[in-house]
Amino acid sequence: MPTMWLSDSQKIGVAFCSGGGFFLIGGVLLFFDRAMLAMGNILFLIGLTIIIGPQKTITFFARKQKAKGTAAFFSGLALILMRWPLIGFCVELYGIMILFGDFLGTIAGFARNIPVVGPYIGTAVDRSGVVARQNADLPV
């Protein structure tokens with residue numbers, strides 16, 4: 001029997017994070033629906049806490065070099081809850097880019113392997129310049 005990569009609780013955390021992502025996308029598609037954006041944020045935070053644990057979650061958000069991102073993320077969430085969803089989402093998006101910008105390369109690498117749309121996602125990521133290619137001068 002093959003070994004499992006994630007424990008059962010981590011699978012539940014991934015489900016919460018995925019649900020949060022879907023709610024965030026739905027909230028944006030529904031012209032920044034405040035309830036959906038707030039629910040997406042809450043599900044994402046619960047999922048992150050389940051995946052890495054409460055102590056590591058607090059440590060992640062409390063790191064000194066990520067203080068600006070943490071402040072922007074939670075300020076954006078507060079603005080969404082105070083009925084300023086468009087401005088709150090923009091502020092929160094800035095915080096997400098600072099907090100999770102290190103993971104964009106990994107996410108882009110995973111997205112390139114998606115069967116049908118992967119090459120298109122890879123092209124869009126390369127053109128956007130969001131993810132700097134490491135060792136770009138190497139042929140491999």
Side-chain angles (χ1 to χ4, degrees):
M1 188 159 101
T3 60
M4 297 176 62
W5 290 354
L6 297 174
S7 69
D8 290 337
S9 65
Q10 287 176 326
K11 289 178 185 177
I12 294 170
V14 169
F16 270 96
C17 284
S18 300
F22 287 128
F23 270 93
L24 285 172
I25 291 169
V28 171
L29 291 177
L30 291 174
F31 303 108
F32 298 97
D33 182 52
R34 182 174 65 96
M36 288 189 78
L37 290 173
M39 188 58 123
N41 286 320
I42 292 167
L43 287 173
F44 174 74
L45 289 173
I46 290 171
L48 183 66
T49 304
I50 291 172
I51 291 172
I52 65 175
Q55 186 64 37
K56 288 184 181 178
T57 302
I58 292 170
T59 303
F60 175 77
F61 284 109
R63 289 188 299 176
K64 189 175 181 178
Q65 64 268 28
K66 300 286 185 174
K68 191 187 304 183
T70 300
F73 179 79
F74 287 108
S75 297
L77 179 58
L79 286 170
I80 288 171
L81 294 174
M82 293 186 324
R83 299 179 185 231
W84 291 77
L86 178 61
I87 296 169
F89 182 76
C90 292
V91 170
E92 185 177 305
L93 191 61
Y94 172 73
I96 289 171
M97 293 300 290
I98 292 174
L99 287 171
F100 300 104
D102 302 339
F103 303 118
L104 289 178
T106 305
I107 294 169
F110 173 76
R112 289 175 200 273
N113 296 328
I114 298 174
V116 176
V117 295
Y120 299 110
I121 293 173
T123 303
V125 169
D126 290 341
R127 287 187 181 170
S128 70
V130 173
V131 179
R133 290 187 52 184
Q134 295 177 348
N135 300 326
D137 55 343
L138 296 176
V140 179

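In what follows, every heavy atom counts, from backbone to side chain, and hydrogens, waters and symmetry copies are set aside.
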Handout entry: Residues in ring pair (Phe, Tyr, Trp, His ring centres under 6.0 Å) contact with Phe32, at least two apart in sequence or another chain
Key = Phe89
Handout entry: Any Thr49 side-chain heavy atom under 4.5 Å of Phe16 side chain
Key = no
Fill in the blank from the handout: Residues passing the ring pair (Phe, Tyr, Trp, His ring centres under 6.0 Å) test with Phe44, sequence neighbours excluded, are Phe100
Give every donor-acceptor pair under 3.5 Å between a side-chain atom in residues 67-74 and any protein atom, sequence neighbours left out.
unit_1	atom_1	unit_2	atom_2	d
Thr70	OG1	Phe61	O	2.7
Thr70	OG1	Lys66	O	3.1

Handout entry: Within residues 23-42 or reaching into it, pairs that qualify as side chain to side chain donor-acceptor pair (under 3.5 Å) - sequence neighbours excluded
Key = Asn41-Glu92
Exercise for the section: Can you measure from CD1 (Ile12) to CD1 (Ile50) and round to the nearest 0.5 angstrom? Expected result: 6.5 Å
Handout entry: All pairs passing side chain to side chain donor-acceptor pair (under 3.5 Å) where residues 72-88 contributes a residue, at least two apart
Key = none
Fill in the blank from the handout: Across all chains, not counting sequence neighbours, the side chain to side chain contact (heavy atoms under 4.5 Å, CB included) partners of Tyr120 are none
Fill in the blank from the handout: Tracing side-chain contacts under 4.5 Å among Ile, Leu, Val, Met, Phe, Trp and Tyr outward from Phe31 reaches none
Problem - Contact check, side chains of Lys11 and Val14, non-hydrogen atoms, under 4.5 Å - result: no
Problem - Cluster overlap Leu99 with Leu77, hydrophobic side-chain contacts below 4.5 Å - result: yes
Handout entry: Partner set under side chain to side chain contact (heavy atoms under 4.5 Å, CB included) for Ile42, not counting sequence neighbours
Key = Ile46
Practice task
Could you go through the side chain to side chain contact (heavy atoms under 4.5 Å, CB included) check for Thr57 and Leu45 one step at a time?
Solution key: CA-CA 9 Å; Thr57 302; Leu45 289 173; 5.8 Å; no
Handout entry: Co-members of Ile58 in a cluster of I, L, V, M, F, W and Y side chains, linked at under 4.5 Å
Key = none
Handout entry: salt bridge (Lys or Arg N to Asp or Glu O under 4.0 Å): pairs with one or both residues in residues 52-64, sequence neighbours excluded
Key = none
Fill in the blank from the handout: Looking only at heavy atoms, the pair that brings Gly47 and Cys17 closest together is C-SG, 3.5 Å
Problem - Same apolar cluster: Leu30 and Leu24, side chain cutoff 4.5 Å - result: no
Handout entry: Shortest non-hydrogen contact from Val91 toward Gly76
Key = CG1-N, 3.8 Å
Handout entry: Distance (rounded to the nearest 0.5 Å) between Leu43 CG and Leu48 CG
Key = 12.5 Å
Problem - pair Ile80-Ile87: side-chain heavy atoms closer than 4.5 Å - result: no
Problem - Heavy-atom closest pair, residues Leu81 and Ala38 - result: CD2-CB, 3.7 Å
Practice task
Under 4.5 Å between side-chain heavy atoms, chaining through other members, with only Ile, Leu, Val, Met, Phe, Trp and Tyr counted: pull out the rest of the cluster around Ile25, sorted by chain and number.
Solution key: Leu29
Exercise for the section: Would you please name every residue forming a side-chain hydrogen bond (donor to acceptor under 3.5 Å, both in side chains) with Ser9, sequence neighbours left out? Expected result: Ser7
